> 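Quick one: the structure is below, and I'll ask about it shortly.
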Amino acid sequence: MQEIISKLSQEISEVTISTKGQLEDFKLKYLVRKGLIAQLFDQMKTLPKAEKPLAGKNLNQLKSLAETKYNDIAKSLENGASDRKAEVDLTLPGRHAFLGAEHPVQKILSEMKDIFIAMGFNQAEGPEIERDDYNFTLLNFPPDHPARDMQDTFFIRKDSQSEDVVLRTHTSPVQIRVMMEQKPPIRVICPGKVYRNEAISPRSYCVFHQLEGLYINKNVTFADLKATIYSFAKQMFGSNVQLQFRPSFFPFTEPSAEVDITCYLCGGKGCRVCKHTGWLEILGCGMVHPNVLRNCNIDPEVYTGFAFGMGIERTALLRYKVGDIRLFYENDLRMLEQFI
Ligand code: PHE
């Protein structure tokens with residue numbers, strides 16, 4: 001008995017306890033009613049009478065050693081916890097969690113895409129660094145034709161030995177790629193970034209986004225084009241919107257038109273944004289030129305098609321009442337956070 005008591009007392013003095021869990025284990029091992037010390041008290045009853053007083057004294061010492069250790073550690077763990085609590089200033093405001101937000105230009109683009117995808121258009125994408133012939137020649141821009149100047153081009157490579165390479169000035173070359181790879185019927189939208197070497201101002205920037213569309217099938221007419229644009233405009237700008245088609249020119253469409261909607265800020269009455277005309281131009285469109293179809297090995301005697309193209313930033317500027325297009329490209333969180 002004596003031996004067991006001194007072994008336990010050494011064990012108790014040496015054990016290290018640093019968590020509440022360990023303290024609880026300590027209590028269960030030594031101090032509860034069925035614990036080691038209580039068991040020894042039970043055994044003591046069976047000892048010869050002469051040995052009982054010493055054993056009792058030693059056991060009592062062991063018990064108080066365990067109890068003191070338990071109480072001291074319990075206290076210090078408690079204090080530690082309250083010390084830590086004191087380090088936290090509960091009156092401080094919470095830390096702001098930053099949520100990501102969709103960029104306003106992407107928001108408008110996704111809305112537009114959803115409308116056309118619901119009409120049955122597929123999405124096609126192509127490179128931003130594009131061959132000159134895909135960007136111009138195959139789209140029926142004759143060499144040195146002034147129409148190339150309509151789109152101030154950034155040239156990546158321009159020499160007489162090799163093929164010219166440009167930053168695409170519109171997403172129409174994606175439509176060339178699709179027509180070269182697929183047989184009609186073709187129904188695609190081509191969203192993406194385009195580049196033009198324009199004077200930078202609050203209204204125009206050297207990079208912007210476009211969404212162009214193309215539908216080629218047998219018997220496609222200008223009426224189909226109008227119906228598609230009407231349906232899109234009503235979903236995008238509201239069911240009261242009115243449209244006007246104005247004759248225009250693009251080398252790759254014939255006939256061509258530009259489409260205006262009633263200004264959705266003043267409802268057509270005239271305001272600063274629509275320059276008091278009541279109309280806002282939203283897109284260019286037309287029937288695909290037979291030369292373009294021929295360039296892509298599609299027989300214009302069998303198939304016809306329409307195409308349209310629009311800028312995204314213009315709508316984003318108006319929708320979100322942003323005064324300067326450059327704010328879309330500065331990645332200033334104070335601006336972008338407003339769209340969370
Ligand atoms: N590609 C033309 C542009 O960028 C837009 C357009 C597309 C016009 C299709 C007509 C038909 O200006």
Side-chain angles (χ1 to χ4, degrees), residues 105 109 112-113 116 119 121 123-128 130-142 145-154 166-179 186-198 203-216 220-222 224-230 232-233 243-261 280-293 295-296 298 300 303-315 325:
V105 171
L109 190 52
M112 291 178 169
K113 281 199 290 199
F116 286 111
M119 286 187 208
F121 284 82
Q123 184 171 321
E125 279 174 21
E128 291 171 23
E130 186 54 281
R131 294 161 50 142
D132 178 276
D133 54 350
Y134 280 34
N135 195 81
F136 292 121
T137 318
L138 295 171
L139 283 160
N140 200 36
F141 286 78
H145 191 278
R148 288 183 185 231
D149 295 340
M150 273 163 64
Q151 308 188 338
D152 309 272
T153 311
F154 284 115
V166 301
L167 284 178
R168 68 180 180 194
T169 60
H170 47 183
T171 57
S172 305
V174 182
Q175 304 179 15
I176 295 289
R177 287 172 181 273
V178 172
M179 284 189 277
I186 292 172
R187 211 187 269 150
V188 284
I189 48 168
C190 315
K193 250 186 235 156
V194 301
Y195 301 83
R196 292 190 194 175
N197 190 5
E198 285 177 359
R203 298 268 127 202
S204 67
Y205 196 55
C206 48
V207 188
F208 59 98
H209 292 75
Q210 272 194 337
L211 182 120
E212 297 206 357
L214 173 73
Y215 176 46
I216 297 185
V220 178
T221 67
F222 203 93
D224 297 315
L225 169 60
K226 278 182 86 172
T228 307
I229 301 300
Y230 261 97
F232 162 74
L243 277 76
Q244 93 184 348
F245 283 68
R246 276 182 292 107
S248 185
F249 170 79
F250 300 101
F252 34 87
T253 46
E254 181 58 37
S256 305
E258 276 171 312
V259 178
D260 302 332
I261 55 169
L280 292 171
E281 186 197 315
I282 54 160
L283 56 80
C285 60
M287 302 306 292
V288 180
H289 197 291
N291 287 350
V292 175
L293 295 175
N295 289 342
C296 301
I298 294 173
Y303 293 104
T304 49
F306 65 72
F308 57 87
M310 66 192 106
I312 313 302
E313 276 77 353
R314 191 176 304 177
T315 297
I325 195 170

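In listed order, ligands and their atoms are each counted from 1. Keep in mind that what you see is a predicted model, and the values were worked out from it rather than measured.
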> When you compare the side chain of His289 with that of Pro251, does any pair of heavy atoms fall below 4.5 Å?
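Answer no - side chains too far apart.
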> Which bit of Arg196 is near ligand 1, meaning a heavy atom under 4.0 Å away: side chain, backbone, both or neither?
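Contact part for Arg196 vs ligand 1: side chain (C-beta onward).
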> Please could you name the atoms of ligand 1 that Gln210 approaches to less than 4.0 Å, counting only its heavy atoms?
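Counting from 1, the qualifying ligand atoms are 3 (C), 4 (O).
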> If the plane angle is over 60° it's perpendicular, under 30° parallel, otherwise tilted; pick one for Phe252 and Phe141.
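Rings of Phe252 and Phe141: tilted, as their planes differ by 30° to 60°.
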> Taking only residues two or more places apart in sequence, or in another chain, which ones meet Phe232 in a ring pair (Phe, Tyr, Trp, His ring centres under 6.0 Å)?
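Per chain and number, Phe232 pairs via ring pair (Phe, Tyr, Trp, His ring centres under 6.0 Å) with Phe116.
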> Tell me whether Lys226 forms a cation-pi arrangement with Phe245, defined as NZ or CZ under 6.0 Å from the six-membered ring centre and within 45 degrees of its axis.
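Verdict for Phe245: a cation-pi partner in Lys226.
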> Could you tell me which atoms of ligand 1, counted from 1 in the order shown, lie closer than 4.0 angstrom to a heavy atom of Ala307?
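Close to Ala307: 9 (C), 11 (C).
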> So is Met310 touching ligand 1 or not, going by heavy atoms under 4.0 Å?
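Judged by the 4.0 Å heavy-atom criterion, Met310 does not count as contacting ligand 1.
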> Show me which atoms of ligand 1 lie under 4.0 Å from any heavy atom of Glu212.
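In order of numbering, the contacting atoms are 1 (N), 2 (C), 4 (O), 5 (C), 7 (C).
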> What distance separates Phe306 CZ from Thr253 OG1, expressed to the nearest 0.5 Å?
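OG1 of Thr253 is found 12.5 Å from CZ of Phe306.
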> May I ask you to test the Phe250-Asn140 pair for a side-chain heavy-atom distance under 4.5 Å?
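Not in contact.
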> Taking both backbone and side-chain atoms of Thr169, is any N or O found less than 3.5 Å from an N or O belonging to ligand 1?
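Among all N and O atoms of Thr169, none is under 3.5 Å from an N or O of ligand 1.
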> Would a 4.5 Å heavy-atom cut-off, applied to side chains only, mark Tyr230 and Leu243 as touching?
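Tyr230 reaches Leu243 side chain to side chain.
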> Applying a 4.0 Å heavy-atom criterion (strictly less than), which segment of Phe252 is in contact with ligand 1: side chain, backbone, both, or neither?
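The part of Phe252 near ligand 1 is the side chain, not the backbone.
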> Taking only heavy atoms of Phe308, which atoms of ligand 1 are found under 4.0 Å from at least one of them?
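Those of ligand 1 that fall under 4.0 Å from Phe308 are 7 (C), 9 (C), 11 (C).
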> Provide the number and element of each atom of ligand 1 under 4.0 Å from a heavy atom of Ser172.
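Checking each atom against Ser172, I get 1 (N).
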